[in-house]
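Here's the structure we're looking at; comments come further down.
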Amino acid sequence: MKEIKNMSRPKGSRVSGIGVYRPKRKVTNEEIAPLIDSSDKWIRERSGIIQRRYASVEETVAAMAIAACEEALKDSKISSTDIDLVILATATNPAQLPNLAMEIATKIGATKAGAYDIGAACSGFSYGLSIASQAVLSGECRNVLIVGSERMTDFVSEKDRGTAFLFADGAGAFVVSPSEKTEISAPTWGADGNLNDWICMTKDWPTYMNEKDGDFPALKMEGQKVFRWAITEMVGVAHKTLEKAGIGVDDLGAFVPHQANQRITDHIAKSLNLPPHVAIARDGVNMGNTTAATIPLALDTLRRNGEVKSGDLALLMGFGAGLAYSGQVIVVP
Ligand code: UT7
């Protein structure tokens, strides 16, 4: 039998660059509270959020993703023409099709790249990072861009008490490249479709179109149930991820969980018994929950503040709608 010989595979994969886009408009709790009969105090105490960013009309999912990708390419010093695949993780493409990754690839000049979108909501970035890593490890792609970009404000009702103060807009991207060493660990991922109605839309589009004067489909969430699931299940996921990477909590430089709620982060960090030298990402305090964009945004803040340095190990962990989760350990670029 003949075989294909022309395929070289790198020993490992790495994150070679990080880029983000934070929408210009900052929105305080005071601005949101009157619409949901809430207060700055309640929102801070229950979620840790002080402010978030809302995108303008011009700051579309694609526009924010393009800005994040361009910054990530600059950080990695890799040319856009050396990108072979662009993956967009998003839950907020305003149209059913086309996927937005093609527009992003074209506008950043990734003329040789394949491009597609993935879902998986709040786990989307971590899922996409694993796919990107596998594409590099297989030898099929030299460099891959994974970007999470969201306009949650398009799909959250400003009057919904359970979600309006949590969700927000933004984008973040990693460039994934070949390496001589393993710098992105195998993922721990999973999904429980039995719990899919804990975070879902109020209705689907055909139902909305058949109604005469219905409200648009918006996000709804069983907040308490999701909270309990996250603080119990994600601790085991974190341990398994560390085990797969062959490291312990003492080896970590940073813990970067999905920025759903600072109280969830506190619970998981406490259960993991993280030593004091591990920086814990708290970007959600100023950015809210940007679904597939929280992890790169949060790591960017830790890097900018000097809380992690190049070469440190970071445990990333996404979790949310599906319900789904995904985690991996990376070497910080
Ligand atoms: O990204 C996807 C993953 N998402 C998550 O992980 C989110 C997980 N869930 C959460 O973060 C939390 O459940 C919330 C922040 C959404 C809610 O916090 P909570 O501590 O679970 O509040 P609760 O729903 O148990 O409500 C507590 C009280 C209730 O009043 P009583 O019955 O104690 O008098 C609610 O009516 O707070 C009241 N309440 C509010 N008060 C002011 C509920 N929502 C609000 C509000 N403002 N927005």
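Heavy-atom basis, side chains included; hydrogens, waters and symmetry copies ignored.
Here the OG-CD distance, from S13 to Q134, works out to 7.5 Å after rounding to the nearest 0.5 Å. Atoms CD1 and CD1, from I32 and I43 in turn, are 6.0 Å apart once rounded to the nearest 0.5 Å. Atom CD in E150 sits 7.5 Å away from atom OG1 in T290 (nearest 0.5 Å). Interatomic distance, CD of E222 versus CH2 of W198, reported as 8.0 Å (0.5 Å rounding). Taking CZ of F167 as the reference point, atom OH of Y54 lies at 11.0 Å (rounded to 0.5 Å). Rounding to the nearest 0.5 Å places CD1 of I146 at 11.5 Å from OG of S133.
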side-chain hydrogen bond (donor to acceptor under 3.5 Å, both in side chains) evaluation trace for S47 with N261: CA-CA 5 Å; S47 69; N261 182 322; 5.6 Å; no

Audit row: K26, R53, side-chain contact (heavy atoms from CB on, under 4.5 Å) steps and yes/no: CA-CA 5 Å; K26 295 177 181 172; R53 304 280 182 111; 3.3 Å; yes

Chi angles and distances behind the side-chain hydrogen bond (donor to acceptor under 3.5 Å, both in side chains) call for Q259, T265: CA-CA 8 Å; Q259 301 290 295; T265 301; 4.6 Å; no

Step-by-step side-chain contact (heavy atoms from CB on, under 4.5 Å) determination, R263 to F227: CA-CA 9 Å; R263 283 165 54 222; F227 190 101; 3.7 Å; yes

Trace of the side-chain hydrogen bond (donor to acceptor under 3.5 Å, both in side chains) decision for S79 with D82: CA-CA 5 Å; S79 159; D82 291 330; 4.5 Å; no

I83/L73 under side-chain contact (heavy atoms from CB on, under 4.5 Å): CA gap, chis, key distance, verdict: CA-CA 9 Å; I83 296 290; L73 284 169; 3.7 Å; yes

E183/I330 under side-chain contact (heavy atoms from CB on, under 4.5 Å): CA gap, chis, key distance, verdict: CA-CA 5 Å; E183 299 187 48; I330 66 158; over 6 Å; no

side-chain hydrogen bond (donor to acceptor under 3.5 Å, both in side chains) between N93 and T90, intermediate numbers included: CA-CA 7 Å; N93 179 354; T90 190; over 6 Å; no

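Under a 4.0 Å N-O distance rule, the pair K74/E70 does not qualify as a salt bridge. Using a 4.0 Å cut-off between a side-chain N of Lys or Arg and a carboxylate O of Asp or Glu, R303 and D75 qualify as a salt bridge. Classification of D40 and R44 as a salt-bridged pair holds, one side-chain N sitting under 4.0 Å from a carboxylate O. Between R142 and D84 there is a salt bridge, with a side-chain nitrogen of the basic residue lying less than 4.0 Å from a carboxylate oxygen of the acidic one. Ion pairing between R25 and E59 fails under the 4.0 Å rule for side-chain N and carboxylate O.
Using a 4.5 Å cut-off between side-chain heavy atoms of Ile, Leu, Val, Met, Phe, Trp and Tyr, with links allowed through other members, L166 and I36 fall into the same hydrophobic cluster. V226 and L195 fall within the same hydrophobic cluster, where Ile, Leu, Val, Met, Phe, Trp and Tyr residues are linked whenever their side-chain heavy atoms come under 4.5 Å apart, directly or through other members. Hydrophobic clustering (ILVMFWY, side-chain heavy atoms < 4.5 Å, transitive): M102 and M64 are in distinct clusters. Cluster membership check: V278 shares its hydrophobic cluster with I268, using side-chain heavy-atom separations under 4.5 Å among Ile, Leu, Val, Met, Phe, Trp and Tyr. The hydrophobic clustering, which links ILVMFWY residues whose side-chain heavy atoms are closer than 4.5 Å, places I108 and L88 together.
Residues P178 and N143 meet the side-chain proximity criterion, which asks for heavy atoms closer than 4.5 Å. For the pair R52 and N289, the minimum side-chain heavy-atom distance is 4.5 Å or more. Counting heavy atoms from C-beta outward, S16 and V176 have side chains that stay 4.5 Å or more apart. Side-chain atoms of I49 and N29, non-hydrogen and from C-beta on, do get closer than 4.5 Å to each other. By the 4.5 Å heavy-atom criterion applied to side chains, V237 and K240 are not counted as neighbours. In this structure, D215 and T202 have side chains that are not in contact, with every pair of non-hydrogen atoms separated by 4.5 Å or more. Contact check for Q328 versus S130: side-chain heavy atoms found under the 4.5 Å cut-off. Between L85 and Y116 the shortest side-chain heavy-atom distance falls below 4.5 Å.
Side-chain atoms of T106 do not come within 3.5 Å of backbone N or O of E103 as any donor-acceptor pair. The closest donor-acceptor contact from the side chain of S179 to the backbone of T182 lies at 3.5 Å or more, if one exists at all. Remark: the backbone N or O of A279 is not paired with any side-chain donor or acceptor of E307 at under 3.5 angstrom. In this structure a side-chain-to-backbone donor-acceptor pair under 3.5 Å is present from R9 to S138. Looking only at distances, no side-chain donor or acceptor of T207 sits under 3.5 Å from a matching main-chain atom of K203. No side-chain donor-acceptor contact under 3.5 Å links S185 to the backbone of A245. Not a single donor-acceptor pair under 3.5 Å links the side chain of H239 to the backbone N or O of L272. No donor-acceptor distance shorter than 3.5 angstrom exists from the side chain of N286 to the backbone of Q51, with no hydrogens or angles considered.
In D192, the CG atom is crowded: over 12 heavy atoms of neighbouring residues, nucleotides or ligands sit closer than 6.0 Å. The environment of E211 atom CD is dense: over 12 non-hydrogen atoms of other residues, nucleotides or ligands sit within 6.0 angstrom. Within 6.0 Å of atom NZ in K244, more than 12 heavy atoms from other residues, nucleotides or ligands are found, so the atom counts as buried in its surroundings.
Contacts of D300 classified as side chain to side chain donor-acceptor pair (under 3.5 Å), with partners at least two apart in sequence or in another chain: R22, R304.
In this structure, a donor-acceptor pair under 3.5 Å is absent between the side chains of T92 and D154.
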For residues 311-327, run the donor-acceptor check on the side chains, cut-off 3.5 Å, and write out each pair with its distance to 0.1 Å, sequence neighbours left out.
from: D312; atom 1: OD1; to: K309; atom 2: NZ; distance (Å): 3.2
from: D312; atom 1: OD2; to: K309; atom 2: N; distance (Å): 2.9
from: S326; atom 1: OG; to: S126; atom 2: OG; distance (Å): 2.9

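In terms of heavy-atom proximity, A293 sits nearest to A171 at CB-CA, 3.8 Å. Considering every non-hydrogen atom in both V156 and T163, the closest pair reads CG1-OG1, 3.6 Å. A pairwise comparison of heavy atoms in G170 and P23 identifies CA-CD, 3.8 Å as the closest pair. Closest approach of M287 to L297, counting heavy atoms only: CE-CD1, 3.9 Å. Closest non-hydrogen pair, L219 versus D160, comes out as O-OD2, 3.8 Å. What you find for I104 and C69 is that their closest heavy atoms are CG2-SG, 4.0 Å.
Checked against the 6.0 Å centroid threshold, F125 and F174 count as a close aromatic pair.
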